[in-house]
Structures are given as structure tokens and as C-alpha cells.
Amino acid sequence: MKIKKTPSKKLAPVPQPLYDVIKSLEHDPENQIPETAAKLTNWPYPRGDLFHWVQVLNRFDSILQRIVEEYDLQHIQSREFESGTKSLLLAIADVSRTLFEYCTNRNIYNSYEHMNALINTTDIDVLVSILRFMLRPAQRTNNPRAVRSAFVIPQEKITELARRWGIHADFVDIYKDDFVVTEDMTRMQLRFYRTYSANIGNSSNSSNSSTSASGGDNNVDDHTEGMHAVVAQLSSEKGKSDVELFQELVKQHDIPEEYHFELANHIRIANHITKPESRRKLLLIRVLAIAIMGRVPRLRKSD
């Protein structure tokens, strides 16, 4: 949502270089936003005021809303971002985080609903950037002097991102290039409960099933009501994106939507854990989620 609040008093002028950046972000074409945003990587200016950035943030809000709608990010991402869209999202998240770090009146920020929707992305870089941003408002929730804001996070999703991977190794070992990834670590497992009987395709009479994404004569797609377990060996699915794997598993096993985020997260880990650079980003996602949980009282109590 756009910011509608106005300052209660006249704002002090900003330094000319910063003023130029603000005007560029307000009016330049969208494809120039990442280049302009890079000028804010370092902040050599005095502490700012978020009211100076209202027009920029409202423009960002419109862009975020459009992207969320275009990619249907109220649900798990179903197609990968175009390169320009990804660069734009990373720039917006980075600028927003910088403003939270160096500006006052942060309570007026009002685009949390779009940031929350972007947690449904399957793009690791975008997810890292969104979580980096979300940690900033989360850090203010324990400050009794902080003015109340509209910040609300999707608790179940943050909790899922913070969950252990089921690997008997510490963060330092997993972070190393020479960490040994076993076949078990590339196996995606999900248990879910279906509360209706769909009777689609080759359904069996059993209310419990264990199926595999790799197919085979002994595998039966069971669409009956009850508890189900999906096991997918992703090391045998090389070359497939997270989006492709997600869509295949959902279609094949008729997985209810309430389990889609958990499924997408399990796929992300199992599909990227073999690559050192991606594995470090996965660790960062978990660390950021844990940090957010530690800052938000409701999440601490429910964990």
C-alpha cells in the first residue's frame, strides 16, 4: 500500500547528491533503477528522514504490486523472473533496507504485504534480499520506544525457512567448499495430510501412501484422503529448475496448497545443496529466518 502520511513539520533539506538520487528513483525509467540504487551502497550522508523518500517508496510499491500480480506471488512462484525483473526486485529490496538503516520515521513504510508475498519466490537471490530487508523492521519490534508500524510477517513461512535441514553437521562445516553431500541430502521428503478424497487417476484404497517423483512400476499415485509421504531423489532430476520440480510434484501427488510452501522450501534445499555457492545462500536464508524469529516476540513464543 502506498504511504499516505505526511510530515508534521517542515523537513530539513537533503544533500544535493542524495537529492539527485531521490529524483532519479522517482522519475527515471525502471530499467535504470538498479544502476541508481547502486549509488546507495554506501551512505556517507547524515541520518535521513523516510518522508523524503515517500514518492520513491510509493513508486516501488506500485512496481512490487505489479510484479506480485504478474507472477501470481500470492502462491508459490510458477515461472522464473525475467532478468530485468529480478534486477529490479533486488534493487528495490536493497534500497528499502538501506533506508531502514539510515532514516528516521520508518514506521510510515507501507509495502509489507508485497514483501511478504515475495517470500513465495523460488529465486534464492531474491529470497535472500527480501529476508535481509525484513530483518530491519523485525529488529524494531522489541524497541518499546518504536512507533507502531504495519509490520506483520508470515509466521509459518518464516518458521519453515528457519527449520533444521535434518543434516548432522554444523553451519561451519556446511559452509565449506569441501563439505561432502551425500545422496540422502538430495532426497526431498514431505509428509502431508489430505482432508478430502479426490479419487483421481490410479488411486488406491489405502489412506496412507509413500510415492516417489522418480517413477517406477512399484509407485502408485494415491489421491485418497489421509496421510501421505512424498519422496523425491532430486540428484536424478539434474537440469530441472525448482519451479519445474515443484509443479511436477504438486500435479503428480495432488499436494494440498497448505503444504506448498514447505514443499518448495524442501525442493530448494535438496536441489541446490550440492553447489557450494548456492549452499551458502541456503544457510544465509536459514540464519536470516532464525534472526527474524528471534526478534519477533510472537514467533519466539510459538517456536
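- Donor-acceptor pairing under 3.5 Å is lacking for the side chains of D49 and H52.
- Between L127 and the choices N120, T122, L161, L118, the side-chain contact (heavy atoms from CB on, under 4.5 Å) rule is met once, by L161.
- Panel note: side chain N58, backbone K2; no donor-acceptor pair is recorded below 3.5 Å.
- Checking side-chain atoms of S87 against main-chain N and O of G84 turns up no donor-acceptor pair under 3.5 Å.
- The shortest side-chain heavy-atom distance between W53 and C103 falls under the 4.5 Å cut-off.
- Shown here for D123 and T121, the closest heavy-atom pair between the two residues is N-OG1, 2.9 Å.
- Between M185 and W165, the closest side-chain pair of non-hydrogen atoms is not below 4.5 Å.
- Scanning both residues, A91 and A37, for their nearest heavy atoms gives CB-CB, 3.9 Å.
- Using a 4.5 Å heavy-atom threshold, the side chains of F133 and L99 count as separate.
- Looking at heavy atoms from C-beta onward, S96 lies in side-chain contact with F60 at the 4.5 angstrom threshold.
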Item to check | Trace of the salt bridge (charged side-chain N to carboxylate O under 4.0 Å, His left out) decision for R79 with E70 | outcome: CA-CA 10 Å; R79 61 188 178 95; E70 181 181 349; 3.5 Å; yes
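- Hydrophobic clustering places F171 together with L131 (ILVMFWY residues linked when any side-chain heavy atoms are closer than 4.5 Å, directly or through intermediates).
- Rounded to the nearest 0.5 angstrom, I292 CD1 and T159 OG1 are separated by 10.5 Å.
- Across all their heavy atoms, R59 and S24 have their closest contact at NH1-O, 4.2 Å.
- The cationic atom of R280 (NZ for Lys, CZ for Arg) lies less than 6.0 Å from the six-membered ring centre of Y175 and within 45° of the ring axis.
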Checklist entry - Given L263 and M188, is the side chain to side chain contact (heavy atoms under 4.5 Å, CB included) satisfied, shown in steps? => result CA-CA 8 Å; L263 171 65; M188 195 290 304; 3.7 Å; yes
Checklist entry - Stepwise, does the salt bridge (charged side-chain N to carboxylate O under 4.0 Å, His left out) test hold for K23 with E26? => result CA-CA 5 Å; K23 291 304 173 184; E26 286 179 4; 3.2 Å; yes
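- Taking every heavy atom of both residues into account, Y109 and M115 meet most closely at OH-CE, 3.4 Å.
- E277 CD: 12 or fewer foreign heavy atoms inside a 6.0 Å radius.
- Aromatic pair F81/Y71: ring centres closer than 6.0 Å.
- In this structure, I255 and H260 have side chains that are in contact, with non-hydrogen atoms separated by less than 4.5 Å.
- Between atom CE of residue M134 and atom CD1 of residue I153 there is a gap of 5.5 Å, rounded to the nearest 0.5 Å.
- Considering CG of N271 and CD of E244, their distance stands at 10.0 Å, rounded to 0.5 Å.
- Side-chain contact check for M1 versus Q65: every heavy-atom pair is 4.5 Å or farther apart.
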Checklist entry - Step by step, would you call Y259 with H228 a side chain to side chain contact (heavy atoms under 4.5 Å, CB included)? => result CA-CA 12 Å; Y259 295 94; H228 296 259; over 6 Å; no
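- Atom-to-atom distance recorded for L249:CG and L190:CG is 9.0 Å, nearest 0.5 angstrom.
- If you look at F151 and F100, their ring centroids are not closer than 6.0 Å.
- Scanning all heavy atoms of the two residues, the minimum distance from A162 to R286 falls at O-NE, 3.0 Å.
- The line from OH of Y112 to CG of L64 is 13.0 Å long, rounded to the nearest 0.5 Å.
- Applying salt bridge (Lys or Arg N to Asp or Glu O under 4.0 Å) to D125 and the options R268, K281, R132 leaves one that passes, K281.
- For the pair R295 and R136, the minimum side-chain heavy-atom distance is 4.5 Å or more.
- Side chain of R279 to main chain of K176: a donor-acceptor pair is present (N/O by atom type, distance under 3.5 Å, no hydrogens or angles).
- When every heavy atom of L40 is checked against every heavy atom of T98, the shortest pair comes out as O-CG2, 3.7 Å.
- Between the side chain of R187 and the backbone N or O of Q233, no donor-acceptor pair lies under 3.5 Å.
- By the 4.5 Å heavy-atom criterion applied to side chains, H266 and Q189 are not counted as neighbours.
- Taken from CG in L57 to OG in S111, the straight-line distance is 6.5 Å, to the nearest 0.5 Å.
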